[in-house]
Structures are given as structure tokens and as C-alpha cells.
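Note that the numbering runs from 1 along the sequence shown for the chain.
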Amino acid sequence: MEYFKAELAKQINMSEEEWSYIASKFTPRSAKKGEIIHHAGEIFSQVWYIQSGVARSYFIDNRGKDVTWQLYFRDESPHKLNLFMDDSVSYYEQSGSMLSFEILEDAQFYVISLSDLEQIYDIDKKWQQLGRIMVHDIWYASTYKRVLSLMGERVQERYERLLNEHPSIFEKVKAYHVASYLGIAPQTLSKLRKNESR
């Protein structure tokens, strides 16, 4: 968890004792390719921090089509959204999640329950501040931009935004999942990549 520790240290000052307590709340978990670790309709009550591997969240639209909502893998993305598998809306509303979570490549995670996360927030104001940073900067801002991108940007713009945020994405994720994430057909993505390489 050294990478995670370093990321936290960028946001707040913490002692080794504090870090040991935080780390103790996370449970190591492994998952195999093809495994569904959460099904739509169930309450999502944990946060999964990805250590290695690839995963995605997806939903089935009103035409029965499988649509990738988010891709999860380790890279140098500035907003870090893709490091955390989470559906806290489901937890806080105590309603079934609209998303399923699938493992695309054997993966290792550190998992914490949202109830334990809330207990950490209660320890000290700095943890509450960290929680606000995570909610706004990581989840809300990134989701806000993603929705507006899907609704308002042309395909080329969405593709360029993705490459800007995740330059190594095609080294991590299969093209058909990237196409689904962008809301386009695999053939369209293939054309975009060919045009870019010219």
C-alpha cells in the first residue's frame, strides 16, 4: 500500500501511527478475470482500491446494451478516479446499485467498508477534509466532466480527452471496452486510432 500512502501524504500530514491505523482498516482482496465482484441491484457498501489488474463498472441500458461506465487500473491519471471502485450513492441511499463491477484482468485490491471510512472521518478534522477532497476532486468533479463530455462533446473530443487523461489506456484495457466507455462502436474507435497514427 506504499503507493496509496504516498498519495494520501500529498493531501494531509499523518504520523506512522495514524497510517498504521488507516492501513489496518483495509483488507487485501484478489479477484480473477471474468469475476463479477458486485451485481447491479445489490447495495454497494465498500471502496475497492486497485493495486494491480484491470476492472470496470457497467450497466445495461434500456435497449439491453452493456455500457461501460468506468474503467479501473493503475496509471498516472491526474484525478485518480480510476483507482477506486465505489458506488457510495448506493450505500448512502441504501438502494440497489445501478452498476455491476467486473474484473477484466486478474487483480489485487485493498478494500475498506464505507462504515469504517466514516469512523476514520470522525477521528480528526483532517480526515474529514480528506473525505471532502476525495468526494469533490476525485468523484464529483470527474463524474461531472464525464457526463458533460458524453452529452456535449463530439466523438473526436471525447477520444482526445480520454488520451489526455489516460495516455497508456490501450496498454491496459481492450479496445472494445474503451469504445463502450466512450459510447461509440468499436469500428469508430478503430478509425479514430488509425487517423491519429497518420
Side-chain angles (χ1 to χ4, degrees), residues 1 3-4 7-8 11 22-75 77 79-123 127-150 165-166 172-173 177-178 180-183:
M1 293 184 70
Y3 180 87
F4 185 41
E7 289 300 313
L8 288 182
Q11 305 294 339
I22 298 302
S24 74
K25 295 297 183 181
F26 284 83
T27 302
R29 292 280 298 273
S30 60
K32 295 291 186 183
K33 179 180 178 179
E35 186 177 345
I36 307 295
I37 59 101
H38 175 82
H39 294 270
E42 300 170 349
I43 294 175
F44 200 103
S45 58
Q46 300 169 315
V47 176
W48 293 56
Y49 173 75
I50 192 163
Q51 177 72 16
S52 64
V54 182
R56 71 170 181 140
S57 54
Y58 69 94
F59 62 93
I60 307 300
D61 70 12
N62 57 12
R63 296 168 295 171
K65 183 180 177 183
D66 173 320
V67 179
T68 296
W69 173 247
Q70 187 57 262
L71 297 162
Y72 307 93
F73 54 92
R74 287 280 295 276
D75 73 349
S77 165
H79 54 64
K80 310 299 180 189
L81 178 68
N82 57 304
L83 296 180
F84 297 92
M85 294 200 310
D86 166 62
D87 187 352
S88 53
V89 171
S90 169
Y91 174 76
Y92 289 113
E93 292 186 355
Q94 286 296 289
S95 60
S97 173
M98 296 178 68
L99 299 170
S100 293
F101 291 76
E102 177 187 15
I103 306 303
L104 301 179
E105 175 187 287
D106 289 1
Q108 298 287 330
F109 298 92
Y110 291 100
V111 182
I112 186 171
S113 71
L114 281 160
S115 59
D116 278 346
L117 197 56
E118 287 185 327
Q119 289 177 13
I120 290 170
Y121 293 158
D122 290 339
I123 294 171
W127 298 109
Q128 294 174 19
Q129 176 65 22
L130 178 64
R132 284 194 292 271
I133 291 169
M134 291 177 71
V135 168
H136 181 270
D137 293 354
I138 296 177
W139 286 301
Y140 175 76
S142 298
T143 302
Y144 172 83
K145 291 173 185 175
R146 170 147 168 69
V147 171
L148 289 183
S149 173
L150 284 171
E165 293 179 351
H166 304 286
K172 308 278 187 179
V173 182
H177 287 307
V178 175
S180 177
Y181 175 79
L182 289 170

Legend entry - Results of side chain to side chain donor-acceptor pair (under 3.5 Å) for S180 - residues two or more places apart only: T68

Legend entry - Partner residues of S149 under the side chain to side chain contact (heavy atoms under 4.5 Å, CB included) criterion, sequence neighbours left out: E153, R158, R161

Inset, instruction - Please name all residues satisfying salt bridge (Lys or Arg N to Asp or Glu O under 4.0 Å) with K32, sequence neighbours left out, ordered by chain then number. - result: D106

Legend entry - Residue list, salt bridge (Lys or Arg N to Asp or Glu O under 4.0 Å) with D116, at least two apart or on another chain: none

Inset, instruction - List in chain and number order the residues that pass ring pair (Phe, Tyr, Trp, His ring centres under 6.0 Å) with F109, two or more places apart in sequence or in another chain; answer none if no residue qualifies. - result: W48

Legend entry - All ring pair (Phe, Tyr, Trp, His ring centres under 6.0 Å) counterparts of Y49, not counting sequence neighbours: F4, F84

Legend entry - Sequence-distant partners of Q129, side chain to side chain donor-acceptor pair (under 3.5 Å), two or more places apart: R132

Inset, instruction - Only counting residues at least two apart or in another chain, list the ones meeting ring pair (Phe, Tyr, Trp, His ring centres under 6.0 Å) with F73. - result: H166

Inset, instruction - Please confirm whether the backbone N or O of L117 pairs with a side-chain atom of K25, one donor and one acceptor, at under 3.5 Å? - result: no

Legend entry - Among S97, S45, S57, side-chain hydrogen bond (donor to acceptor under 3.5 Å, both in side chains) partner for D87: S97

Inset, instruction - Output all residues satisfying side chain to side chain donor-acceptor pair (under 3.5 Å) with S115, sequence neighbours left out; order by chain, then residue number. - result: S113

Legend entry - Residue pairs, two or more places apart or on separate chains, that pass salt bridge (Lys or Arg N to Asp or Glu O under 4.0 Å) and touch residues 48-62: R56-D66, R56-E102, D61-R63

Legend entry - Residues forming a side chain to side chain donor-acceptor pair (under 3.5 Å) with D122, sequence neighbours excluded: none

Inset, instruction - Using the test ring pair (Phe, Tyr, Trp, His ring centres under 6.0 Å), find all partners of H177 that sit at least two apart in sequence or belong to another chain. - result: none

